[in-house]
2 protein chains.
Amino acid sequence: MTSTATAPRRSPARRRVLDTALALFYAEGIHAVGIDRIIAEAGVAKATFYHHFPSKDDLVCAYLEEQIARVREQAVPQGETPEERIVSVFEGVGEVTCAPGFRGCAFINAAAEYPDPDHPVRRVVADFRRWFKGLLEELLVAAGHPEPQRTAVALMTLRDGLTVAGALDDPAEARPAVRAAVAHLIRPAA
Amino acid sequence: MTSTATAPRRSPARRRVLDTALALFYAEGIHAVGIDRIIAEAGVAKATFYHHFPSKDDLVCAYLEEQIARVREQAVPQGETPEERIVSVFEGVGEVTCAPGFRGCAFINAAAEYPDPDHPVRRVVADFRRWFKGLLEELLVAAGHPEPQRTAVALMTLRDGLTVAGALDDPAEARPAVRAAVAHLIRPAA
DNA sequence: ACTTTACCAGACAGACCTGTCTACCTTAGG
DNA sequence: CCTAAGGTAGACAGGTCTGTCTGGTAAAGT
């Protein structure tokens, strides 16, 4: 009980499985990708997989938590004023939506496959959304915005719409429209 | 060759299958619902099913086309001025997102399960989005809006975000924010 | 009266799914 | 030396998936 309880969180095999799951689940959907496929592509034995992840659902949760971690480190708000930092967050989202291989928000897509809001997977999705909305609200408060809560909801709506448009329509089309809407929202009419 | 080629589009059994598919696919996801389940709940023999729908993909396309038809007849823009009609369209969307059993936009959810943009299912999704955006653009032109195309894209983003928020967050929270944003967009700053 | 058409019931094939289990290998610490 | 842990390889069970096929019923048009 000194070092590891049951599953060692640091392990090359586990890392390979998680990386493979990240790529396949995002690109093809969760129900569409089986365990056999993941372990084959990760070059890992089945027993090893089930040693690290008790069930597929656990892997799916780990996949989404990995996505949260990546978004968190990639979308660090940059800029001096809070307003600039909000803009930078949206520029980051816009960048991603226009990148090749973009297939929409991983959390929205996952939620589409998991109807039950109480399912562990949906809880991770909710965690992500709470965090993102909290970040926006925090920046709006720092900017002295008169209606931080309501505006955070509006910005969240723009983010979701931007990711959907990036996946289903021309990715470059929605970006300027969202950019303009964000600029207007964070600098409320005098 | 006088009346029916191969499949009679009007048929009680076909109707039952389509209604069942509509309910199950929307509520639980497409890959998660099997043919066996649909025919059992529709009270239809397997041979009958495959007589009307050559494959599951055909049923999925028919399901989405049925969704288009329902949205089309339910979201008829009402009001005297074009601006009022745009508002009425969004009020309709807002109504649906707050209704019990709402699980997001059927087309966004379906696209999450079908990665290939050239797949027939994705083509139906694209059809819907073209139609909806065209409707908004048309109304904006009728309203004499200076930037109908760009504004239609912005409105589309708001619609997508509203449906996502309705499914994943508090449905009533996003509605006023979107309402305000729509009001601002269709009445551009003087 | 005959034929076509729609429908039901259910077996069946072949593939794929998750998850368990056995058996063996390799490496590092005590 | 030897033991424990992480890993590989792969068979296996039990279920579900799509799609086909056989066989029989009932109604409607010609």
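Every value quoted in this text rests on a predicted model; they were computed, and no experiment measured them. So that the names make sense, note that chain A is the first sequence line, chain B the second, and so on, each numbered from 1.
The residues A/E28 and A/R103 are annotated as not salt-bridged, no charged nitrogen and carboxylate oxygen being separated by less than 4.0 angstrom. Comment: A/R122 does not engage A/D116 in a salt bridge, judged by the lack of any side-chain N to carboxylate O separation of less than 4.0 angstrom. Electrostatic pairing of B/R85 and B/E138 does not count as a salt bridge here, judged by no charged N lying under 4.0 Å from a carboxylate O.
Atom NE2 of A/H51 is separated from atom C1' of D/dA9 by 17 Å (rounded to the nearest Å). Regarding A/H52, its NE2 atom lies at a distance of 17 Å from the C1' atom of C/dG19, rounded to whole Å. Protein atom CD1 of A/I39 is 15 Å distant from nucleotide atom P of C/dC16, rounded to whole Å.
With a 6.0 Å cutoff to the six-membered ring centre and a 45° limit on the axis angle, A/R159 counts as a cation-pi contact of A/F132.
For B/T48, a side-chain nitrogen or oxygen approaches OP1 or OP2 of C/dC8 to under 4.0 Å. Phosphate proximity of D/dG7 to A/S11: present, with a side-chain N or O under 4.0 Å from OP1 or OP2.
Ring geometry for A/F25 against A/Y63 counts as perpendicular: the plane angle is over 60°, on a 0 to 90° scale with 30° as the lower cut.
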Item to check | Annotated protein contacts, base or backbone, on nucleotides 17-25 of chain D with a non-hydrogen cut-off under 4.0 Å, one of B, S, - each | outcome: SBBBB----
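Counting only distance, with no hydrogens or angles, the side chain of B/K56 and the backbone of B/I30 share a donor-acceptor pair below 3.5 Å.
Comparing the start and finish of the helix from C/dA1-D/dT30 to C/dG30-D/dC1, five pairs each, the helix axis swings through 0°, to the nearest 10 degrees.
Just one residue in the list B/L185, B/T81, B/L135, B/L139 forms a side chain to side chain contact (heavy atoms under 4.5 Å, CB included) with B/I86, and that residue is B/L139.
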Item to check | Step-by-step salt bridge (charged side-chain N to carboxylate O under 4.0 Å, His left out) determination, A/D19 to A/R15 | outcome: CA-CA 6 Å; A/D19 287 342; A/R15 191 56 279 149; 3.1 Å; yes
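Nearest nucleotide to the B/R16 side chain, out of D/dG7, D/dT8, C/dC8: C/dC8.
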